[in-house]
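Here is the structure we will look at.
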Amino acid sequence: MLDKIKNLLEELNGFSATTLEEVEQFRIKHLSKKGSIAVLFADFKDVPNEQKKAVGQALNELKTTALDIVNSLKDSFTNLDFGKSGLDLTLSGDAVKLGSRHPLSLVKNEITEIFSRLGFTISEGPEIEDDWHNFSALNFPDEHPARDMQDTFFIEKNPDVILRTHTSSVQAHDMSEMELPIRCLTPGRVFRNEAISARAHCIFHQIECLYIDENVSFADLKQTLTYFAKEFFGEKTEIRLRPSYFPFTEPSAEVDVTCSLCGGKGCNVCKGTGWLEILGCGMVDPNVLELNGIDNKKYTGFALGMGIERITMLKYGIKDLRLFFENDIRFLEQFSAAGF
Ligand code: DAH
């Protein structure tokens with residue numbers, strides 16, 4: 001009997017718990033009516049008389065020790081418990097689910113990173129614009145049909161207040177406000193009165209690039225485009241320029257890259273042509289320099305602008321533009337693994 005008590009005492013002293021629940025289980029196992037100590041007490045009647053004193057003392061000690069252990073462990077947890085709040089701070093917490101970057105942000109960051117290696121810095125401008133910065137300062141004369149190229153949201157009460165239709169509007173801010181030379185990159189949100197479909201949205205994003213200095217030539221533009229295309233779409237990518245028209249550049253061009261999916265052989269993404277259109281560009285029209293207070297005898301420049309949604313769709317093979325705005329986590333979390 002004394003041995004049994006000694007062993008149990010050792011077991012009790014070796015007990016530790018990490019939750020209140022464990023302490024309660026310990027209490028039931030040893031101190032309840034049918035617990036291990038009660039069993040020993042029940043056996044006490046069979047102990048020979050001459051041992052009763054020693055065994056009785058040992059049993060009482062055992063019970064007190066067990067009670068002490070339970071009470072002090074309970075205390076230690078109740079102190080963590082913030083008193084009566086009932087909070088069990090020993091419970092493990094809920095795992096925090098990490099979000100992921102939006103694919104448009106990933107692509108915007110990658111593009112700005114590439115241009116920053118060429119010395120371009122970020123500039124920003126307002127989304128709510130006036131007619132001057134969005135149109136007139138960029139050589140869109142009043143009533144000129146080129147204004148119809150972009151379906152504009154006007155504010156009814158004041159037609160001079162519009163939502164910018166392109167990030168080119170920031171060119172006008174930069175040219176009139178910054179010191180020369182200018183080497184700016186402007187990512188931002190733009191707005192057009194378009195019906196929402198798989199290929200168009202009334203809100204989308206562009207990145208504008210503007211470089212003005214002495215002796216900037218078309219060769220600088222072409223080299224910048226080549227560098228960007230190879231960095232972004234891969235070393236084998238080639239570019240081609242097609243003549244185009246924008247009021248604020250002369251000459252103007254649209255730029256195609258060899259299709260990154262089929263390598264230029266022709267597939268359904270490039271509609272069998274081997275080429276994908278990615279952006280518009282040109283030499284800043286001397287009129288635009290003059291309209292914004294820059295000496296067009298001394299300075300020249302190039303500008304380019306691209307749609308971030310379009311580039312992102314090409315990069316990841318996304319077929320429906322609306323996915324970017326629905327914020328469905330199952331769509332969005334697929335891009336975090338891209339490792340940007
Ligand atoms: N702003 C034009 C658009 O939204 C894109 C563009 C074309 C920007 C040519 C430029 C450029 O800077 O040179 O369609």
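Each ligand, and each atom within it, is numbered from 1 in the order the structure gives.
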Residues 12-25 side chain polar contacts: donor-acceptor under 3.5 Å, at least two apart:
from: Asn13; atom 1: ND2; to: Leu9; atom 2: O; distance (Å): 3.4
from: Thr18; atom 1: OG1; to: Glu22; atom 2: OE2; distance (Å): 3.0
from: Thr19; atom 1: OG1; to: Glu22; atom 2: N; distance (Å): 3.2
from: Glu21; atom 1: OE2; to: Gln25; atom 2: NE2; distance (Å): 3.4
from: Glu22; atom 1: OE1; to: Thr18; atom 2: N; distance (Å): 3.1
from: Glu24; atom 1: OE1; to: Arg27; atom 2: NE; distance (Å): 3.1
from: Glu24; atom 1: OE2; to: Arg27; atom 2: NH2; distance (Å): 3.1

Seminar exercise, completed: The salt bridge (Lys or Arg N to Asp or Glu O under 4.0 Å) partners of Glu11 (sequence neighbours excluded) come to Lys29
For this session: Flag the pair Phe246 / His166 as yes when their ring centroid distance falls below 6.0 Å, and as no otherwise.
Result: no
For this session: Identify whether the distance between the nearest side-chain nitrogen and carboxylate oxygen of Arg242 and Glu277 falls below 4.0 Å.
Result: yes
For this session: For the residue pair Glu333 and Ser100, confirm or rule out a side-chain donor-acceptor distance under 3.5 Å.
Result: no
For this session: Enumerate the residue pairs fulfilling salt bridge (Lys or Arg N to Asp or Glu O under 4.0 Å) with a member in residues 171-198, sequence neighbours excluded, ordered by first and then second residue.
Result: Glu127-Arg189
Problem set entry | Close-range residues for ligand 1, whose non-hydrogen atoms fall below the 4.0 Å threshold | Gln150, His166, Ser168, Gln171, Arg192, Gln206, Glu208, Phe246, Phe248, Thr249, Gly280, Cys281, Gly282, Ala303, Leu304, Gly305
